[in-house]
Amino acid sequence: MSNQQTNRYGLRIGLGTWQFGGPNVQNGRATGWGDIDEATAVQTVHAALEQGVRFFDTADSYGAGQSERFLKRALANRPDAIICTKFGNVLTPASQPQDFSPAYLHKAVEDSLDRLGRDRLDILLLHSPPDNFDWSTYDPAPFDQLIQAGKIGAYGVSSKSVYGARRVMEAGFGSVLEVIYNALDRRAETVLFNTPEAGSYTFIGRVPLASGFLNPTYLTQEPSFPPDQYRHYLPDRDRNWLLTSVRSLAFLEELPGGLATSALRFCLSNEAVSVIIPGARNAHQVAANCAAEALGPLPDDILARIREAVPDVPDHWKPAVH
């Protein structure tokens, strides 16, 4: 799915729906975004549709299928919507083991189709396999068979890190990669987008607002995340780096749309990215996201200021050898 194919269905702004899974508590700790009710989720999706959004990203593990079920109601009678879902994280009350076996793959596909009320998944991704996953022994044939059977349209990987995504590309697995890309973490540009294999992949930009830290509120206020959000448990050194870096980009707040919209415009400035998937919990946030599309890519001088203000991610985010 190229940029042109994506844009036939809507904007390069999609809608991520991790937040529709609720707190997503695992082993006594939230791994989601706090409580949300179905009516709010449906209203948010309808607001996105009204703005022209057609790309919706979800996963079977978001609220043990809750996000997919909410999308089923919200996207009823909307065959023009593109749905990208993910599989492999097997939820239990105490842990989240992973299973990417052919047997689980087929079960996951049928379960997601049922929850979403669809006959076909437009895109199916492995959900955050380990960066050292052995792609040399992982058989893509079951996925190709699902395409031939009309169950899925394309497949690939939602990667933990850009380094894991690079190994996927080197192995030639699938045709879609969902990767971290935002104004603070631009590693995908050098690790992925500029490689010879990049032309064979559609890139979906995830966490384009840096897990919500690219928020004008945090330019002057300290964030306070409730225990039913995963950000409550972020290590201090990560939280502090994110806050310091966001405040280094305060000049983006002076641009049309402000900081958050400008951060999304940064992502759209890179033609390698087919679609980005910011989350939203209401129509106002949807409108702010979609404003980035209307305003278009950032000017070159602003892109240069971003790179100067936040030159790189912290060293502890990088592997010892990559």
Side-chain angles (χ1 to χ4, degrees), residues 12-19 31-33 55 57-59 61-62 84-86 88-89 123 125-133 156-170 173-174 176-195 197-198 201-215 229-231 233-235 237-239 241-246 248-249 260 262-280 289 292 303 306-307 309-319 322:
R12 287 175 70 201
I13 296 282
L15 180 66
T17 65
W18 182 8
Q19 71 280 6
T31 63
W33 286 84
F55 190 98
D57 179 84
T58 185
S61 61
Y62 293 166
C84 172
T85 195
K86 303 181 280 292
N89 289 333
I123 302 173
L125 305 177
L126 279 73
H127 198 173
S128 299
D131 281 349
N132 64 354
F133 192 84
V157 177
S158 178
S159 63
K160 278 184 177 291
S161 80
V162 292
Y163 308 110
R166 183 169 64 185
R167 296 187 71 247
V168 175
M169 293 171 66
E170 291 169 350
F173 179 83
V176 182
L177 278 171
E178 189 172 284
V179 300
I180 296 170
Y181 186 58
N182 56 62
L184 304 182
D185 187 346
R186 305 180 300 273
R187 287 174 291 175
E189 294 176 351
T190 54
V191 177
L192 303 175
F193 300 159
N194 293 331
T195 63
E197 300 89 353
Y201 285 86
T202 291
F203 290 104
I204 302 168
R206 68 181 184 92
V207 291
L209 292 174
S211 297
F213 276 85
L214 285 162
N215 181 329
Q229 283 193 26
Y230 90 96
R231 293 183 298 177
Y233 305 97
L234 281 176
R237 64 177 182 173
D238 292 336
R239 178 181 177 277
W241 182 84
L242 286 163
L243 279 175
T244 299
S245 299
V246 166
S248 297
L249 300 183
S262 298
L264 296 181
R265 292 177 67 193
F266 167 84
C267 299
L268 297 179
S269 300
N270 195 316
E271 294 183 355
V273 180
S274 289
V275 63
I276 59 175
I277 48 171
N289 292 347
L303 294 174
I306 290 171
R307 298 177 197 285
V310 185
D312 201 359
V313 298
D315 288 341
H316 71 269
W317 285 17
K318 304 174 186 177
H322 55 82

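Contacts of Phe266 classified as ring pair (Phe, Tyr, Trp, His ring centres under 6.0 Å), with partners at least two apart in sequence or in another chain: Tyr181. With sequence neighbours left out, the salt bridge (charged side-chain N to carboxylate O under 4.0 Å, His left out) criterion links Glu189 to Arg307. A search for side chain to side chain contact (heavy atoms under 4.5 Å, CB included) contacts involving Asn215 returns Thr217, Tyr218, not counting sequence neighbours. Remark: Val207 pairs with Ile180, Asn182, Ser211 by the side chain to side chain contact (heavy atoms under 4.5 Å, CB included) rule, at least two apart or across chains. For Thr85, the side chain to side chain donor-acceptor pair (under 3.5 Å) partners are Glu68, not counting sequence neighbours. In terms of the side chain to side chain donor-acceptor pair (under 3.5 Å) criterion, Asn289 has no residue partners (sequence neighbours excluded). Residues forming a side chain to side chain donor-acceptor pair (under 3.5 Å) with Gln19 (at least two apart in sequence, or on another chain): none. Taking the salt bridge (charged side-chain N to carboxylate O under 4.0 Å, His left out) definition, one finds that Asp131 meets it with nothing, sequence neighbours left out. Applying the salt bridge (charged side-chain N to carboxylate O under 4.0 Å, His left out) rule to Arg186 yields no partners; only residues at least two apart in sequence or on another chain are considered. Scanning for salt bridge (charged side-chain N to carboxylate O under 4.0 Å, His left out) contacts around Asp312 gives Lys318, with sequence neighbours left out. Applying the side chain to side chain contact (heavy atoms under 4.5 Å, CB included) test to Ala263 and every residue at least two apart in sequence or in another chain returns Leu209, Leu214. With sequence neighbours left out, Pro130 forms a side chain to side chain contact (heavy atoms under 4.5 Å, CB included) with Gln98, Asn132, Phe133.
Put simply, the side chain of Ile13 reaches to within 4.5 Å of the side chain of Leu268, judged on heavy atoms. Between Arg237 and Pro314 there is no side-chain heavy-atom pair separated by less than 4.5 Å. Between Tyr201 and Leu192 the shortest side-chain heavy-atom distance does not fall below 4.5 Å. Inter-residue side-chain proximity for Asp238 and Phe213 is flagged as unmet; no heavy-atom pair is nearer than 4.5 Å. The shortest distance between side-chain heavy atoms of Thr202 and Ser274 falls below 4.5 Å.
Shown here for Ser158 and Lys86, the closest heavy-atom pair between the two residues is CB-CD, 3.5 Å. The heavy-atom pair separating Gly279 from Leu15 by the smallest distance is C-CD1, 4.1 Å. What you find for Glu178 and Cys84 is that their closest heavy atoms are OE1-SG, 4.2 Å. When all heavy atoms of Gly205 and Val273 are compared, the pair lying nearest together is N-CG1, 4.0 Å. Between Leu242 and Trp317, the shortest heavy-atom contact is CD2-CH2, 4.1 Å.
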(request) Check step by step if side chain to side chain contact (heavy atoms under 4.5 Å, CB included) holds for Arg12 and Ile276. (result) CA-CA 6 Å; Arg12 287 175 70 201; Ile276 59 175; 5.9 Å; no
(request) List the steps, then state whether side chain to side chain contact (heavy atoms under 4.5 Å, CB included) holds for Trp241 with Val310. (result) CA-CA 10 Å; Trp241 182 84; Val310 185; 4.0 Å; yes
(request) Check step by step if side chain to side chain contact (heavy atoms under 4.5 Å, CB included) holds for Leu184 and Leu249. (result) CA-CA 9 Å; Leu184 304 182; Leu249 300 183; 3.6 Å; yes
(request) Take Phe203 and Asn270 through the test side chain to side chain contact (heavy atoms under 4.5 Å, CB included) and record every step on the way to the result. (result) CA-CA 11 Å; Phe203 290 104; Asn270 195 316; over 6 Å; no
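Considering CZ of Arg239 and CG of Leu234, their distance stands at 8.5 Å, rounded to 0.5 Å. A distance of 9.0 Å separates CZ of Arg166 from OG1 of Thr195, quoted to the nearest 0.5 Å. Put simply, OG1 on Thr58 and CD1 on Ile123 are 13.0 Å apart, with the number rounded to the nearest 0.5 Å. Between atom OG of residue Ser262 and atom CD1 of residue Ile306 there is a gap of 8.0 Å, rounded to the nearest 0.5 Å.
With hydrogens and angles disregarded, a donor-acceptor distance shorter than 3.5 Å links the side chain of Arg206 to the backbone of Ser159. A donor-acceptor pair under 3.5 Å links the side-chain atoms of Ser248 to the main chain of Thr244, judged by distance alone.
For the residue pair Asp57 and Trp18, no side-chain donor N or O sits within less than 3.5 Å of a side-chain acceptor on the partner.
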